[in-house]
> 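Before I ask anything, here is the structure I am working with.
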Amino acid sequence: MKVLFLSSVLFFAVILADASEKIQSKFELKFVQVITRHGARTAFNPLPAEDVAWNCTLVNLGVSVVGQGTAPVLYRKKFIENRQILRGDCSAGALTSEGWQNHLSLGGHFRTRYVDILKFLPETLNSSLHYVRSTDSPRTIASVQANLLGLYPVEKREKGDMVDIFTIDAAKEDILPQTNCGKLNDACNNIQFSAAWKNNSKSLEGIASKLKSAWNVTTLPWWVGLWDNLHARTFHGLPWPSVVDQKMYNQLTDAVLFQLKALYRPNDVKKYGIGRFLEEIVGAMDSFIAGDIQPVRYINYSGHDLTVALILSSLDLLDSIKTWPKFASSIQFEIWNDLKTNLPHVKMLYNTMEVRIPRCPSTTSDSFLCPLPIFKKLISRHIPVDYDSECKSVNPNGNVPKEVADVTLFLC
């Protein structure tokens, strides 16, 4: 099995190297932006009869220093066992050691592409070439740390090398939707009143009856939260409650996938959920081309599943994926310059695989390259002109049921 795995890796590397040699004869890679979802984590919501204990072996060490100084003492953050929302010694939504490994491996893949094959980044870390931004969440910060360690292992760094990870206050963050945007909330609320949504909810009535009876409760967690608990267990090899079988899990997965895609399909959700971040991505491309941010050539944004899903939706790609963006899912936007015309083109990769951008016919021999002006035009559809004024709710006094408001609060 190990020999087969290594053979597959070598075969993939040979194919990638061959494809890269062809494109590099006509184009030059100039700039890369990577957007990732954090790695595997614990569940967010406990079940009514929570029957598993989560054990977190990922150690969080930290120091506080003034300026560029170094501190002689390390401190370790630990959660008190069985005094958290979940059983065990983990906080809800915490990155696990498996999640750390997700990003260590993904960073290793980026090293293969950008260091070993394309020679875009140097062999050893030069932090001036990098810009790293993360939501101010422990799991996204730890994920990007692991990703960068995969990209540049310890032996490829100088002693004392430091990489800044930039964050923004949650109230100002644009990598995630803001709950204070009335127009976004209205759009998400309205989706849940649609006939298709109601039919989807009705299809879950049988499951709801079984779970309520098994757990002796009258109400259940929201469906996405319940599925998330089971999904996190599945990834980490933890058992489901005895009432859940494969058929129920599959049915629940399909229903939740419908809900998530339905929420992120409308134009107002794209525009007010991720539009400001899209503007930041395109702005970085323009700034690089203008020479304003050089020597930075590699930007890493550490975000969430909502981040990845909304970007995919904004480019009309969300319906083409059969599963929800996995832990450590990734989007890469690369700027390639035509060596003859010097015109920039965008190449997109999703989960490290090249993707053809809808509505962007290639004008080159590489069908995955999208001329930058066309790419910007596609993105501009979902960038608000004046976010604050446009966000004013069209139905500011509308009352919605709690179950509707809860879904909007957590997902929009």
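Just the heavy atoms: all of them, side chains too, but no hydrogens, waters or symmetry mates, feed the values below. Residues take their numbers from the sequence shown, with the count starting at 1.
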> For the residue pair R297 and F120, would you count it as a cation-pi contact if the rule is NZ or CZ under 6.0 angstrom from the ring centre and within 45 degrees of the ring axis?
yes

> Quick check: do T364 and H345 have side-chain heavy atoms less than 4.5 Å from each other?
yes

> I'd like to know if the side chain of R41 reaches the main chain of L95, judged simply by a donor and an acceptor atom lying under 3.5 Å from each other, with no hydrogens or angles considered.
no

> Looking at H38, E173, H304, which hits side-chain contact (heavy atoms from CB on, under 4.5 Å) with S137?
H304

> Looking at R381 and L378, would you say the former's side chain and the latter's main chain have a donor-acceptor pair under 3.5 Å?
yes

> Please check this pair: side chain of T36 against backbone of S329, looking for a donor-acceptor N/O pair closer than 3.5 Å.
no

> Find out whether K30 and F288 are in side-chain contact, i.e. whether some heavy atom of one side chain is under 4.5 Å from a heavy atom of the other.
yes

> Yes or no on salt bridge (charged side-chain N to carboxylate O under 4.0 Å, His left out) for K183 and E390, after CA distance, side-chain angles and deciding distance?
CA-CA 7 Å; K183 201 163 185 180; E390 291 178 44; 5.9 Å; no

> Would you say the ring centroid of F277 lies under 6.0 angstrom from that of Y301?
yes

> Are any of the side-chain heavy atoms of T96 and H236 separated by less than 4.5 Å?
yes

> If you define the side chain from C-beta out and look only at heavy atoms, does anything of I335 sit under 4.5 Å from V346?
yes

> Could you pull out all residues at least two apart from D338 that satisfy salt bridge (charged side-chain N to carboxylate O under 4.0 Å, His left out)?
none

> Is F193 close to V400 at the side-chain level, that is, under 4.5 Å between some pair of heavy atoms?
yes

> How far apart are the closest heavy atoms of G39 and H103, and which atoms are they?
N-CD2, 3.4 Å

> Do R113 and L118 have side-chain heavy atoms sitting under 4.5 Å apart?
yes

> Does the side chain of I293 come within less than 4.5 Å of Y131's, by heavy atoms?
no

> Verify salt bridge (charged side-chain N to carboxylate O under 4.0 Å, His left out) between D366 and K26, making sure each step is shown before the conclusion.
CA-CA 10 Å; D366 188 325; K26 298 179 179 180; over 6 Å; no

